[in-house]
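Please read the structure below before turning to the comments.
None of these values were measured; they are calculated from a predicted model. Side-chain atoms are counted along with the backbone in the values below, which use heavy atoms only and exclude waters and symmetry mates.
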There are 2 protein chains.
Amino acid sequence: MTPKRRADVERNERALLDAAARVFATSGVNATVREVAAAAGVGMGTLYRHFPTRADLMVAVYRHQIDACAEAGPALLAAAESPFAALLDWVHLFVDFLATKHGVATVWKGDAAGYTALHQLFLDRLVPVLAELLDAATKSGEVVADIRPYELIRAVGDLVAWTVQDPGYDVRRIVTLLVTGLRQPQPTRVQSSADER
Amino acid sequence: MTPKRRADVERNERALLDAAARVFATSGVNATVREVAAAAGVGMGTLYRHFPTRADLMVAVYRHQIDACAEAGPALLAAAESPFAALLDWVHLFVDFLATKHGVATVWKGDAAGYTALHQLFLDRLVPVLAELLDAATKSGEVVADIRPYELIRAVGDLVAWTVQDPGYDVRRIVTLLVTGLRQPQPTRVQSSADER
DNA sequence: TGCGAAACGGAGCGGCGCTCCGTATGGTCA
DNA sequence: TGACCATACGGAGCGCCGCTCCGTTTCGCA
């Protein structure tokens, strides 16, 4: 049983989460923690007491939205005209989720310091959903290529990770290309041409 | 006619380039400029006088290697058993180039401050090569999907950009999936299932 | 050998994530 | 209602980063 928290703690944590969501939406997730603390009207010490690292703050801000993305998977599978259609729809939903969070995609991969927790949260929540969709599309014979859910979500996330407002590049087309590529068997890498050189 | 440069200028620039190549290879391209300057045995002022930003240093270090990658394209096209095989081989050569430079892939996309120049160099040198390969493979009927060279190199670069030594993920398989996906026409996005929900 | 232009080096700038300790506040009890 | 104590606070300052700037040094030429 958690001890009862003081009113000011609850109030400040709420203020921080609200401010972070606003600041991340306008300035991107690389906004400084100073900007977040100032927007919340609290001091730096308070921010770090509630969220010991930037990553903790990001996880807290985005947790519910990642959950929503996860829950959309089974719903799409139940409603779509085919498992493959559900798979494609869900992948695009995932793309939309990443792309519309200003800069959140850049923390999709946890190499940068502090982003590992958010990346882990993505995987823990979304890989099982994708597994279910891939499994259904494989059983229906629509997906024949051998690919694991982790590989696919990793690839899609990586493709979206750098999305900026670039009129010359529509990442959704590329994602569709990748996913529809799953419908044909994959070649072994062409080695004979290398041997003949 | 450039004025003759002093001996110490030449010596220091050579030292900086050598040191940067070594430091980038061991510590990654995100190594500090202090580390590079120290490894070269010169001061910070000297480093910045020769290379006004980090990007300038990176461009100088990697220019010749990007050129080599570019020159491999026509050679592969002349030697491969088919234009598509040459395309796939070249794309994998590009992947190898990015993946074996410790961390250089992370600067493939120029969003991060200072990396724009290197990204631009990649595009200026490599997009025309890929264009030639794609054109040949399209004329031979092996590529039917509509994709521009910029889109493809962007996608491949983005897929590789986050590559780490991850035994659970072979980016080359994904790249092969993407490129071989070009051999089938792309579907329009499935809209009817969305309308029926 | 002296001169002057070019090149040097590194302390310090502002900005970042984060720490730490003197001060303030909330909640309970008498 | 006031006192007390544990908890929470805020922001100056830490180390680190990319980069600047100016007093000092060095190179090359006559």
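The side-chain heavy atoms of Val33(B) and Phe51(B), taken from C-beta on, include no pair separated by under 4.5 Å.
When each of dT20(D), dG27(C), dG11(D) is scored by its nearest atom to the side-chain atoms of Met44(B), the top-ranked nucleotide is dT20(D).
Asp56(A) contributes atom CG, which lies 12.5 Å from atom NE2 of His50(A) (distance to the nearest 0.5 angstrom).
When heavy atoms are screened at a 4.0 angstrom cut-off, Ala37(B) is found touching no nucleic acid atom at all.
What separates CD of Glu35(A) from P of dC16(C) is a distance of 9 Å, to the nearest Å.
Both Thr32(A) and Arg49(A) lie close to DNA chain C; mapped to their nearest nucleotides by heavy-atom distance, the more 5′-ward contact belongs to Thr32(A). Nearer the 5' end of DNA chain D, as judged by each residue's closest nucleotide, is the contact made by Ala31(B), out of Ala31(B) and Asp8(B). The residue among Asn12(B) and Ala7(A) whose nearest nucleotide of DNA chain C is located toward the 5' end is Asn12(B).
Where pairing requires Watson-Crick or G-U contacts shorter than 3.5 Å, the helical stems of DNA chain D with at least three consecutive pairs are C:1-30 with D:1-30.
A chain of hydrophobic side-chain contacts below 4.5 Å, direct or via other Ile, Leu, Val, Met, Phe, Trp or Tyr residues, connects Leu17(B) to Val42(B).
In terms of the salt bridge (charged side-chain N to carboxylate O under 4.0 Å, His left out) criterion, Arg34(A) has no residue partners (sequence neighbours excluded).
In this model, no side-chain donor or acceptor of Arg34(A) finds a partner on the base of dG15(C) within 3.5 Å.
Between Arg63(B) and Asp67(B), no side-chain nitrogen of the basic residue sits less than 4.0 Å from a carboxylate oxygen of the acidic one, so the salt-bridge criterion is not met.
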